[in-house]
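I have placed the structure first, in the form of structure tokens, so that the comments after it can refer back to it.
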Amino acid sequence: MNHSVVMRTLVSLFGCFSCVSTLPSGFKDEILIQDEFDLAPAIAVTPGQGIIIGEQRGEMHLVVADERTHYGKIENVVTANERGLLSIAVGPNFRDTGHVFVYCSIAGNGFQVLRFTQFETSPPQLDPASKVVVWTDPDGEDTDSLVHYGGSLSFGPDGCLYLTMGDKTRPGQVRKMRRSAGKVMRMYPNGTYPADNIGVLMDGIGGAIHDGIWAVGVRNAYRSWWDLETSRFFVGDVGGQDLMSAVEEVNIVRAGDNLGWPTCQGPCLHGEHNELIPESANDWANKRDPVFWWTHNGTSSAIIGGFVYRGTAFPPEYQGAYFYADYARSLLGVVFFPSEGSVEDLESVSSSDVFTDDSISPVALAPAADGSIYYMSRRRHFGAGGCLLRRISYQATGSATPEIKYFRVVSGTDATDSLTVTVATGFSHVSPTCNVCFSWNVTTTLPTPEACSVMAANETTWTHTYPRAGRCAVRFRLRCANFDGTTRTTLSDSVHVEVGDVIPAGRIASPTNNSFFAAGDTITLVPRLSSLLPPQQYDKVWWRVEQWHERHTHPVADFHSFSANLSIPRHGHGYPANCGLTVYLVLSTSSHVQTVLDTVTLFPQRAVLTVSSLSDNVVLASSAEIDGLQHALPVSLLTVHGFVHTVTVAANVCNASHPTMEVFAMWLDGNTSTTREITMGARDSVHHTVQYHKFGHQQCTAIVSRRNC
């Protein structure tokens, strides 16, 4: 196993509103189609070069030859937080069957795997009457746990469908072998379970271990990929919330593997931790270290597992390399393995490269039939726009594509009475002949009209005066002629500008900006609309709520109503450091055009939970499981007013200083249970202490605490 990685950074970041990264020579990162999608975490490529796009709300689209059409809609999808449509997989015999598999949460059922059949219409669509429920989550519908559901569908070389799950913010359930939480599930395309799954092999069909379990110890396996050429299963597992100790992982998973969560993250001691599987199953409980990993080191990070490149359009050194992404750090990367050798050799990382761009926030990657890479990127926040389908391609020297270095507004938007906007552009290209065409008000169709002129210099400014006040989106095309006679075009991202004295059509009346919330609160969302918005458009006003954490965001809820109530959960993911909520008031003027009328930012009311332990009034080194994670005591955790924590302490503790056995007596507040709930209430600080007593003179052997790295 590889325990160190050589990292080569290949790019420079630019502080701009819209920019494209400096990729290795010959590579191009471009917007594939101009239309923006709503939250779109799922993409899948069909054998006919179609790209299926799945939006979290259940809408599905098909992109063929850079044109977008409606593909289907999943009914009764629950979209709060990280629920909704999360993954799409095309069946292995798609040309014959037309089968498409979808992993999504359905009201009243929880998460399900659904199978649909594609209509051979023009353009193709899913037949809604063909729906078959392949699998239903045995954990049922969980209305409290809103995040960490995985999940990714991938077909293996055995024809089985593999589903990677998450711990549902309940790490303790990863140890429960009747639960799907924290597992890799394996099933036939009809939903039945193979006889060589862990549960069936160990105790027969319908036994104590769920028949669908294939591997265990997963925290939040958001994306996975079967490399059919080498029969290796790649799983990207998102690390914990502690910004100093959390670890992002790329795992190559085999049947019966234990990836370690919640006991350990990252490269743990091989084969040491077997408690996720019953003792009788230790032969199956092989702890497997990741082949590639990185720690957060004080900043947020979230791996988006990718795929092994088997195309021929990239230079030969990329053949067999693994492409991945990091949503929080906004990078695309590639991991290289030895080109020849045994299976173990192929699991040794030799080096890695980084493609990065500070404006992308990738959520899904897929290989294209022509050898390029598709990826779905999400804006930093909803107010900056939706999701964009992008493509990374490669052209050999001599037919280079013009590269946009930066695109930003330099003046005009800071003066409310100004109708003139100046933007600055920079690009690189070897050709002396380039035309630039600006669209000063982007719509859902191709930008028209365009103002075109010859690009006189690689860096210049452009000025435009609008006829009236308003909010607009500016975008340009850069078209350059190459020396070999070819022509290449690059389309920029859009820059949003507000010119003139814009009177908003609506504001948020409640809640107020920069206010605070506690767990258990119900926040009322109320708009205040101006006379500029006619009453017949009131039904087009809706709300979106996002949780921001460091530099990235998570969806919380959409409310398609004039006013709404937002409930803050008291259990689950919690609110780590440097996070809060953003509330958006939105006006939809068409199915694809959404205007943010107003935003407010909300902050959690901070509190600190401290748990400690004593033995006869002397501090005792012990541990506790808090919300499913082990912590050495004493410990102080940042939390929120009103949050409810579940704390479990050991019934017996070996006092390493004696060493003698200590037995649980009670909590100092009188509670006599080893497992209890602690409610933060309205206090800024809560301290609970557990009391132990010596158990006669019984000697014991102190066990070194397991690490949660």
Side-chain angles (χ1 to χ4, degrees), residues 110-111 137-140 142 144-145 147-151 163-186 197-203 206-221 235 237-241 246-247 249 251 253 255-266 268-289 571-573 622-632 645-653 673-677 703 705-709:
F111 270 89
D137 191 346
D139 295 356
D142 191 337
D144 292 328
S145 181
V147 297
H148 291 194
Y149 287 97
L163 169 61
T164 57
M165 302 291 293
D167 66 5
K168 305 176 184 178
T169 65
R170 290 185 169 87
Q173 291 191 4
V174 179
R175 300 186 177 94
K176 300 182 184 299
M177 299 308 291
R178 289 298 302 171
R179 297 278 191 172
S180 68
K183 314 299 192 304
V184 177
M185 310 297 285
R186 174 177 176 247
N197 276 358
I198 293 175
V200 179
L201 283 175
M202 291 177 58
D203 63 352
I209 300 176
H210 193 278
D211 297 346
I213 295 176
W214 187 76
V216 300
V218 173
R219 182 180 183 269
N220 193 23
V235 175
D237 198 11
V238 180
Q241 295 187 59
V247 181
E249 300 179 356
N251 299 276
V253 186
D257 274 355
N258 170 4
L259 303 189
W261 182 258
T263 304
C264 186
Q265 297 180 70
C268 309
L269 297 177
H270 190 72
E272 178 181 346
H273 306 303
N274 293 324
E275 65 268 35
L276 298 187
I277 298 285
E279 281 298 315
S280 60
N282 279 344
D283 289 342
W284 283 96
N286 297 321
K287 172 66 188 74
R288 190 172 297 279
D289 285 347
H571 303 83
H573 193 274
S622 63
S623 64
E625 183 180 275
I626 303 176
D627 299 328
L629 296 179
Q630 288 289 332
H631 296 272
H645 297 276
T646 301
V647 181
T648 300
V649 296
N652 301 293
V653 175
S673 175
T674 55
T675 297
R676 63 175 300 180
E677 288 189 339
I703 300 175
S705 298
R706 296 186 178 93
R707 55 185 179 143
N708 190 346
C709 34

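Numbering starts at 1 and runs along the sequence shown.
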Looking at every heavy atom in both [X] and [Y], which two are closest together, and how far apart are they?
X      : Y      : answer
Ala215 : Val253 : CB-CG1, 3.8 Å
Val653 : Ala650 : CG2-CB, 4.1 Å
Ala221 : Thr164 : O-OG1, 2.9 Å
Ala246 : Gln265 : CA-OE1, 3.8 Å
Trp261 : Pro171 : NE1-CB, 3.9 Å
Pro262 : Arg175 : CG-NH2, 3.6 Å

Discussion item. Between Asp137 and Lys168, does any side-chain N to carboxylate O distance fall below 4.0 Å?
Written reply: yes
Worksheet item: Quick one: does Thr646's side chain get under 4.5 Å of Thr675's, heavy atoms only?
Response: yes
Taking only residues two or more places apart in sequence, or in another chain, which ones meet [X] in a salt bridge (Lys or Arg N to Asp or Glu O under 4.0 Å)?
X      : value
Arg676 : Asp669
Arg219 : none
Asp167 : none

Rounded distance [0.5 Å steps], [atom1] in [X] versus [atom2] in [Y]:
X      : Y      : atom1 : atom2 : value
Arg178 : Asp211 : CZ    : CG    : 6.5 Å
Asp257 : Asn251 : CG    : CG    : 8.5 Å
Asp237 : Asn220 : CG    : CG    : 7.0 Å
Ile213 : Ile198 : CD1   : CD1   : 7.0 Å
Arg179 : His210 : CZ    : NE2   : 11.0 Å
His148 : Met165 : NE2   : CE    : 12.5 Å

Discussion item. So does Ala181 get a backbone contact from the side chain of Lys183, meaning a donor-acceptor N/O pair under 3.5 Å?
Written reply: yes
Can you list everything that forms a side chain to side chain donor-acceptor pair (under 3.5 Å) with [X]? Sequence neighbours excluded, please.
X      : answer
His631 : none
Gln173 : none
Thr169 : Ser145

